[in-house]
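Index from 1, following the sequence. Values below: all heavy atoms of this structure, side chains included; hydrogens, waters and symmetry mates excluded.
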Amino acid sequence: MLERQKEERQVLITQMNILFVTNTALLSFLTISRLITKYSFFSVVETLLLLFNFLLLIWALLPRRFFVSPNLEKKQETQEKKEKLKFPDDYLMLSSEEYHLQMLVDLIETYNKNQKQVDDISLGLKYATGVTAGIAVVALLHQVTVYFIPELQKL
């Protein structure tokens, strides 16, 4: 389960890199075609969308602290004894069955807390993908306006 979670995180990082490259390519296209350098409604929207998108991608890329359980600093309450367990001493005093149950609880806790981090990265990428599509549409409209409808070049 945890290996699958690591793989999912790695896939998200790969997708993030692809979106960074795509946004850089869109920025290069807008710069080379001189669409973004001429002040217009389209260039303002494109600039704002690019800035917003890079912020979303950086937010998704921010280092996150992933949870490891059993946490050596953490004390955990057991349901049976209602006392605090400290790792490793108290874990060693558990029976084999109690130890396995406690490790299962720790595994579930680790997965759930780390899944929140993966979901945050995924959400950032989901929004960044939508904004990237928006940039591409606005850039296409801008290019069509400038090159095929000269009367609308002033927009």
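- Separation of atoms CG (Leu140) and CZ (Phe42) is listed at 10.0 Å; rounding is to 0.5 Å.
- Transitive grouping of hydrophobic side chains (ILVMFWY, heavy atoms separated by less than 4.5 Å) brings Leu26 and Phe41 into a common cluster.
- A salt bridge links Lys113 with Glu109: the closest approach of a Lys/Arg side-chain nitrogen to an acidic carboxylate oxygen falls below 4.0 angstrom.
- Contact check for Thr24 versus Phe54: side-chain heavy atoms found under the 4.5 Å cut-off.
- At a threshold of 4.5 Å between side-chain heavy atoms, the hydrophobic network of Ile, Leu, Val, Met, Phe, Trp and Tyr places Leu61 and Val11 in two separate groups.
- Distance check, rounded to the nearest 0.5 Å: CG of Leu27 to CD1 of Ile135 gives 9.0 Å.
- Counting heavy-atom neighbours within 6.0 Å of Glu7 CD, excluding the residue itself, gives a total above 12.
- Between atom NE2 of residue His142 and atom OG of residue Ser40 there is a gap of 3.5 Å, rounded to the nearest 0.5 Å.
- Both Leu35 and Phe148 are part of a single hydrophobic cluster, where members link through side-chain heavy atoms under 4.5 Å apart.
- With rounding to the nearest 0.5 Å, the separation of CH2 in Trp59 from CG in Leu123 is 5.0 Å.
- A donor-acceptor pair under 3.5 Å is absent between the side-chain atoms of Glu46 and the main chain of Leu30, judged by distance alone.
- Scanning for side chain to side chain donor-acceptor pair (under 3.5 Å) contacts around Asp120 gives Lys116, with sequence neighbours left out.
- Through chains of ILVMFWY side-chain contacts below 4.5 Å, Leu51 is grouped with Leu55.
- For Gln10, the side-chain contact (heavy atoms from CB on, under 4.5 Å) partners two or more places apart in sequence, or in a different chain, are Ile13, Thr14.
- Residues Ile18 and Phe20 do not share a hydrophobic cluster, clusters being chains of Ile/Leu/Val/Met/Phe/Trp/Tyr side chains in contact below 4.5 Å.
- Residues forming a side chain to side chain donor-acceptor pair (under 3.5 Å) with Asn112 (at least two apart in sequence, or on another chain): none.
- Between Ala139 and Phe29, the shortest heavy-atom distance links the atoms CB-CE2, 4.1 Å.
- Scanning for side chain to side chain donor-acceptor pair (under 3.5 Å) contacts around Gln143 gives an empty result, with sequence neighbours left out.
- Taken together through direct or relayed side-chain contacts under 4.5 Å among Ile, Leu, Val, Met, Phe, Trp and Tyr, Ile32 and Leu49 form parts of separate hydrophobic clusters.
- In this structure, the side chains of Glu8 and Gln115 come closer than 4.5 Å at one or more pairs of heavy atoms.
- The structure places CG of Asn53 at 13.5 Å from OH of Tyr127, a figure rounded to the nearest 0.5 Å.
- In terms of modelled atom types and a separation under 3.5 Å, the side chain of Thr110 and the main chain of Asp106 share a donor-acceptor contact.
- A search for side-chain contact (heavy atoms from CB on, under 4.5 Å) contacts involving Leu19 returns Asn23, Leu57, Leu125, Ala128, Thr129, Thr132, not counting sequence neighbours.
- The distance from the CG atom of Leu12 to the NZ atom of Lys126 is 13.0 Å, given to the nearest 0.5 Å.
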